[in-house]
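Notes for the one structure printed next.
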Amino acid sequence: MDSPTGEPHIFVVFGATGDLMQRKMLPVLYHLAAQGQLPKETVILGVARHPLDDAAFRKQAAASLLEEKAGAEADVQSFCQRTLYYQPLDNQSGTGYQTLQGRIEQVEKEHGLPGNRIFYLALPLEAFGPTLEGLGKAGLNRSSGWTRVVIEKPFGRDLASAVALNALAHRYFEEKQIYRIDHYLGKETVQNLLVFRFANVFFESLWNRDRIDHVEITVAESLGVEGRAGYYESSGALRDMVQNHVTQLLTLVAMEPPATKDEDAIRSEKVKVLHSAVRIAPGDVVRGQYGPGKLNDLPLPGYRQEPGIPSDSDTETYIALRLKIANWRWQNVPFFLRTGKRLPAKSSRVVVTFKAPPVSFFQTEQEYEVNPDRITILLQPQEGFELAFEIKIPGREMRVQTHRMKFHYADVFGELPDGYETLLVDVMAGDASLFVRDDEIEESWRLYAPILEHPPAVVFYPAGSDGPVEAHRLIEEWGHRWEPG
Ligand code: BG6
């Protein structure tokens with residue numbers, strides 16, 4: 001059992017009947033409670049439009065928890081009875097938030113809570129503004145304790161909407177009350193990027209334009225759109241994955257060492273990377289969409305044949321792009337980013353390729369290929385890192401081969417915690433280091449504005465293939481190739 005994190009509070013979830021709450025957050029909250037990490041008196045108040053009462057919500061939550069195999073039935077039922085409440089929110093008459101306020105105060109009183117509140121917006125983008133406004137106008141942005149608001153992604157659709165959403169949020173909440181979530185930052189291996197770089201002298205001393213040739217960031221998924229047509233059609237891979245998750249990886253790989261491990265010191269360094277990125281040109285981007293294909297011998301429909309997707313959709317399900325960061329550390333080092341759905345396997349990794357030796361006397365007439373050294377940071381499904389370097393094959397001849405030295409987290413630590421768990425605990429503890437700051441979100445939208453404003457036409461790739469052939473051109477033009485695997 002761990003000790004509880006933070007002070008007792010009420011955890012209010014907007015969108016409580018939705019998928020994110022039912023399939024992801026409830027199991028995480030249940031697990032935290034089971035581990036003794038939720039402050040004992042803490043209660044969860046689900047809020048949504050559905051006219052449910054506490055009993056019906058508890059029943060629904062218990063069914064979801066059992067379906068997700070979160071725990072034994074008796075424990076699940078007891079957690080739901082003890083911890084869960086529900087308040088329908090109907091703001092047609094404009095009094096919905098006052099009613100909500102009354103309910104929050106009543107539950108707080110019942111449980112002797114000191115007025116600490118977390119509002120978690122597990123909602124679609126268009127509901128963020130009205131909810132922040134509803135909370136603010138009802139005075140729910142302040143209380144006798146602390147108040148924090150957690151906002152899911154996507155935070156905006158582009159630079160202008162992100163700026164407007166930040167302005168609206170700041171009308172009612174101070175920046176330090178706002179937690180913009182990106183679940184990639186909760187992944188242990190993503191956080192380990194900081195330790196890997198800044199607690200190890202030998203990597204950091206090579207981490208620059210003199211020694212690094214290029215960097216590749218790949219986030220590949222085998223899943224397709226998975227019944228999320230409405231959301232994905234208005235999003236696409238750039239908004240769904242690149243502006244947030246992939247960009248977080250980019251900034252953590254490229255940032256300078258922060259002065260302290262303070263949340264603002266780290267986030268300021270990440271913002272500086274985005275500031276230094278060179279404007280992306282149309283020719284630096286490939287947008288792809290999966291067509292019909294096969295995965296593990298199973299025929300798969302194309303994106304346009306998926307339920308709810310228009311037959312002429314030009315939403316990208318794949319994107320590859322190249323960029324440079326114009327600062328002292330990275331001048332002229334290419335960064336290649338790619339992500340896509342319906343690729344052969346789930347695999348997220350960062351590959352840092354070092355420069356080849358200036359001369360190689362091992363290359364004889366037989367032309368043994370001498371590969372440059374590479375560090376691969378594995379994010380999923382395996383977590384850890386691998387170092388590829390050249391060794392001599394024993395024998396009289398001087399023959400060279402690549403060897404991979406591997407560290408996998410699972411071998412040492414077993415299963416790692418879910419990223420959401422880490423992030424929820426941080427919100428409860430009031431630590432915003434792993435959340436995205438206002439300027440960071442705006443800078444990342446600014447970086448991708450040229451693509452959003454002038455999106456190149458989509459090209460097609462068969463489902464189950466490794467993406468459009470055009471993505472190879474993108475990297476080959478700059479003299480490199482994607483790391484297979
Ligand atoms: C989500 C995206 O943010 O991240 C999904 O909306 C994507 O489309 C998911 O599948 C990937 O997350 P993970 O942790 O499975 O890599």
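Every number for a ligand or one of its atoms is a count from 1 in the order of the listing. Residue indices begin at 1 and follow the sequence shown.
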Legend entry - Flag side-chain contact, heavy atom, 4.5 Å: Glu443 against Lys270: no
Legend entry - Heavy-atom nearest option to atom 8 (O) of ligand 1, drawn from Ile181, Leu379, Leu20, Asp240: Asp240
Legend entry - Proximity of Tyr232 to ligand 1 by residue part, where a heavy atom lies under 4.0 Å: neither
Inset, instruction - Determine, using heavy atoms of Lys341 and all atoms of ligand 1, whether some pair is separated by less than 4.0 Å. - result: yes
Inset, instruction - Spell out, as yes or no, whether a donor-acceptor pair under 3.5 Å connects the side chain of Tyr86 to the backbone of Ala48. - result: yes
Inset, instruction - Identify the protein heavy atom lying closest to atom 12 (O) of ligand 1, giving its residue, its atom name and the separation to 0.1 Å. - result: His183 NE2, 3.1 Å
Inset, instruction - Just jot down the ligand 1 atoms closer than 4.0 angstrom to any heavy atom of His245, in number order. - result: 1 (C), 3 (O), 4 (O)
Inset, instruction - Would you mind running through ligand 1 and noting each atom that sits below 4.0 Å from a heavy atom of Arg228? - result: 2 (C), 5 (C), 6 (O), 8 (O)
Inset, instruction - Please write down residue, atom name and distance for the protein heavy atom closest to atom 14 (O) of ligand 1. - result: Lys187 NZ, 2.6 Å
Legend entry - Shortest protein contact, atom 15 (O) of ligand 1 (heavy atom only): Lys346 NZ, 2.6 Å
Inset, instruction - State, yes or no, whether a side-chain contact exists between Ile475 and Arg322 at a heavy-atom distance under 4.5 Å. - result: no
Legend entry - Under 3.5 Å: N/O of Ser348 near N/O of ligand 1: no
Inset, instruction - Could you tell me whether the side chain of Gln243 reaches within less than 4.5 Å of the side chain of Trp445, counting heavy atoms only? - result: yes
Legend entry - Geometric cation-pi criterion Arg239 and Tyr448, 6.0 Å radius, 45° cone: no
Legend entry - Identity and separation of the nearest protein heavy atom to atom 7 (C) of ligand 1: Glu221 OE2, 3.4 Å
Legend entry - Any donor-acceptor N or O pair under 3.5 Å, side chains Asn141, Gln177: no
Inset, instruction - Measure up the His9 and Trp146 rings against each other and bin them: parallel (under 30°), tilted (30 to 60°), perpendicular (over 60°). - result: tilted
Legend entry - Atom indices of ligand 1, in the order listed, that fall short of 4.0 Å to a heavy atom of Lys153: 1 (C), 2 (C), 3 (O), 6 (O)
Inset, instruction - Could you list which atoms of ligand 1 come closer than 4.0 Å to a heavy atom of Tyr184? - result: 12 (O), 13 (P), 14 (O), 16 (O)
Legend entry - Ionic contact status for Arg437 with Glu442, cut-off 4.0 Å: no
